[in-house]
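Heads up, the thing below is written out as structure tokens.
The sequence lines fix the lettering, A, B, ..., with proteins before strands; numbering per chain opens at 1. Just so you know, these numbers use all the heavy atoms, side chains as well, and skip hydrogens, waters and symmetry mates.
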Amino acid sequence: MCIMSSNAELARLFTEMAAVMELTGENPFRIRATEKVARTLEDLTLDVSTLVDEPKRLVAIEGIGEGSAQRIVEFLRTGRIAEHDELLAKVPKGLLAVLGVPGLGPKTVKLLWEKGGVTDLASLKEALDSGTIEKLPRMGEKTVQNIRESLDFMSKSSSRMRLGEAMPLAEEIVAHLSASANVERVDFAGSLRRGRETIGDIDILASAKRPSAASKAFTSMGDVQKVLASGETKSSVRLKSGVQVDLRLVDDEAFGAALLYFTGSKEHNVALRELAVRKGYRLNEYGLFPDDDDPSPPQSRGVRPVAAAKEEDIYRKLGLPWCPPEMREDRGELALKKIPKLIELDDIKCELHAHTTASDGRLSIEELAAEAKRRGFHTIAVTDHSRSSVQANGLSPERLREHIEEIRRVAARTKGIAILAGSEVDIHADGSLDYDDDLLAELDIVVASPHASLRQEPAKATDRLVRAVKHPLVHILGHPTGRLINAREGLHPDMDKVIAAAVASNTALEINANYLRLDLRDHHVRSAVDAGALVAINTDAHSTDHFDFLRYGVMTARRGWLTGERCVNAWSSTRLREWLESKRPSARSRTVAAAGGSAKKGRSPRKARADR
DNA sequence: GCCGTTTTCGGCCCGACTGTTTTCAGTCG
């Protein structure tokens, strides 16, 4: 059985159909609609194969109409889509890769194919080497050279950059430009500001008294390898590391409009502009303008914008609340009358997944607690690896018992922060845990995580995770899929089933904030939030600097619309304790006795005496 | 192909930059 889910496979087929349609010159709106279906399928956490007999529910999904629903059902029943086969028969298979070369769009690829005999990347290279390409129309010296460099770049560069790699780089560039005396405002935008798990290129926005000087400061930065474009308002460079950085220079009065435009997502912007048109406006990167039926750009005719300086102003004029960047993906955010109060970095009050030198961490218990205290946390959980994680020096039951004693001793003499004795317990391939229940019951907190058998079939992975989540002594499901961004696929469970089990058993699902993981991923968080599940945001710290990863976990959480109310790390120590103890039978009976009533799972009966 | 408190038909976002052009097509975001 294939590891890939029906959703992912279908998304691939629709993406390919859209690409071929571009090459055959299909109606662009039809192409856009097909691309949207692909994107919708990618984001969907619901497994479409469960809807094979319910086409009406398919059509109810925004972006999927009658036609696509039929094709999806066709695929689910027969394993193929006839239209996909027909379309792909129209062009050489390798031509789709040529479409992926930066600078080459459908028109040029079509020309290269029909007039230049190019059918794939290899024949494109041959055409470049033999010089036949220069005989084609609109193929001047520069264009040919650019294609050559793009191919060269493609062969050397890897995939998109990870969030945690791009962020420090962007902050460095922002600092560099801020230091330039004539720059008024500068900020990063794009997918970085939206907190996507990977970043294609870094977008920087600036206003300056002398734009040309600012542009010069940008293109002459130390590690610029090639200036890709350099205009009045827009410049692009490629750094030696291979990252592309775009700078957009704008008037300070229009900074908000530009920030909105440059932050995206493209889909959010398109939806916003469509809304603007319906309300009698025109929206571009210079502002929101009254629509006067003149097709030329309003700002070039001296038309005054009704809003431009701040993003908030533009949203307000359109009748919308300001939308946090992480939500701007055209996934329903524009239909909201009120934006939920998303979790913020400052809301996080504890770390519930961290390692010490007992397993593979670099800090002692004291050092770990000191760092957590320095960060203003009320609680730190010591959760070293369990015995099966041999490569991480996982603890045998005997060593864990000693470790618990040691943690208790350190906790007793440490003031100002609660130190919990915990474990990150391996979830075996069958869903059983790496320690016996009597040992697990001695721990204050149990994080159960998959570490091995990460290529098992989706159905088995689902059963495995559901079993772990339902285990009465487990508090948190750690990095649920085990994926590593750009490196390892990880498990493909039916996440809706795992989430449903988590809700039923009051177990939290972790967003592992390490930028290599970010697991749960954003749309899984969204499904968890929609289902009412508890979510934890942990850094999985192995050293002090790992605590800095928290921001990436929070951004991922915000992309999934998580609020502080559903995030266990944002709770007061009292409420956290009650939840932890609700999964400790002996302790719970004490709690019940003390409270003189029933301590209902997951609820905080004494929310009033919150933070202390 | 999708969608609808203006519409079930007729719309569907907007501008900058490049390169090859004599006024614009193609690509990108």
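In this entry the distance linking CG of A:Leu334 with P of B:dG4 reads 14 Å, nearest Å. The separation between A:Ile64 atom CD1 and B:dG1 atom C1' is 12 Å, rounded to whole Å. The CG-P distance, from A:Leu111 to B:dG19, rounds to 17 Å in whole Å. For the pair A:Leu260 CG and B:dG15 P, the interatomic distance rounds to 14 Å; values are reported in whole Å. Rounded to whole Å, atom C1' of B:dT18 lies 15 Å from atom CD of A:Gln145. When rounded to the nearest whole Å, the span between CZ of A:Arg248 and C1' of B:dC17 equals 10 Å. As a whole-Å value, the separation of A:Arg30 CZ from B:dC2 P is 9 Å. In this structure, the NZ atom of A:Lys226 is 11 Å from the P atom of B:dT18, given to the nearest Å.
If you take atom C1' in B:dC17 and the same atom in B:dC12, they sit 25 Å apart, rounded to whole Å. Between B:dT21 and B:dG26, the two P atoms lie 13 Å apart (nearest whole Å). Across the C1' atoms, B:dT20 and B:dA25 are found 9 Å apart, a figure rounded to whole Å. When the C1' atom is used for both B:dC3 and B:dT7, the distance is 10 Å, rounded to whole Å. On the C1' atoms, B:dT8 is 15 Å away from B:dG1, given to the nearest whole Å. Rounded to the nearest Å, the gap between the P atom of B:dG15 and that of B:dG10 is 27 Å.
A:Glu42 and A:Arg39 are not joined by a salt bridge, as no carboxylate oxygen comes within less than 4.0 angstrom of a charged side-chain nitrogen. Taking a cutoff of 4.0 Å between a charged side-chain nitrogen and a carboxylate oxygen, A:Lys36 and A:Glu62 qualify as a salt bridge. In summary, A:Arg248 and A:Glu285 engage in a salt bridge, as defined by a charged side-chain N under 4.0 Å from a carboxylate O. A salt bridge links A:Arg194 with A:Glu329; the closest basic N to acidic carboxylate O contact falls under 4.0 Å.
Of all the heavy atoms in A:Ala257 and A:Ile314, the pair that sits closest is CA-CD1, 3.5 Å.
Judged by closest nucleotide on DNA chain B, A:Ala33 is the one of A:Ala33 and A:Pro297 placed further toward the 5' end.
Seen from the ring of A:Tyr515, A:Arg162 does not count as a face-on cation partner, given the 6.0 Å and 45° thresholds.
B:dT21: glycosidic angle beyond 90° from 0, hence anti.
Proximity of A:Asp246 to A:Leu228: side-chain heavy atoms (C-beta onward) are nowhere separated by under 4.5 Å. Residues A:Phe75 and A:Leu13 have side chains in contact (heavy-atom distance under 4.5 Å, counting atoms from C-beta outward). A 4.5 Å side-chain heavy-atom check between A:Val224 and A:Val245 finds every atom pair outside the cut-off.
With B:dC2, B:dC14, B:dA16 as the choices, the nucleotide that has an atom nearest any side-chain atom of A:Thr233 turns out to be B:dA16. With B:dT18, B:dC2, B:dG15 as the candidates, the nucleotide lying closest to the side chain of A:Ala229 is B:dT18.
B:dT8 is unpaired under the Watson-Crick or G-U wobble criterion, no partner having all donor-acceptor distances under 3.5 Å.
Under 4.0 angstrom from either OP1 or OP2 of B:dA16 there lies at least one side-chain N or O belonging to A:Tyr286.
Across all strands, A:Ser236 comes closer than 4.0 Å to no nucleic acid atom at all (heavy-atom distances). Contact annotation for A:Leu283: backbone-only contact, meaning every heavy-atom pair under 4.0 Å involves sugar-phosphate atoms and none involves a base. Within 4.0 Å (heavy atoms only), A:Gly63 reaches sugar-phosphate atoms of the nucleic acid but no base atom.
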Inset, instruction - Show your reasoning for whether side chain to side chain donor-acceptor pair (under 3.5 Å) applies to A:Ser215 and A:Ser235. - result: CA-CA 7 Å; A:Ser215 184; A:Ser235 298; 3.1 Å; yes
Tabulate protein N/O versus nucleotide N/O from nucleotides 7-12 of chain B, keeping only pairs under 3.5 Å, one per line.
residue	atom	partner	partner atom	Å
B:dC12	O3'	A:Glu274	OE2	3.3

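Checked against salt bridge (charged side-chain N to carboxylate O under 4.0 Å, His left out), A:Asp292 has the following partners two or more places apart in sequence or in another chain: A:Arg301.
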Inset, instruction - Let me have a per-nucleotide readout for nucleotides 20-29 of chain B, 5' to 3', with B, S or -, counting only protein heavy atoms under 4.0 Å. - result: S----BSSSB
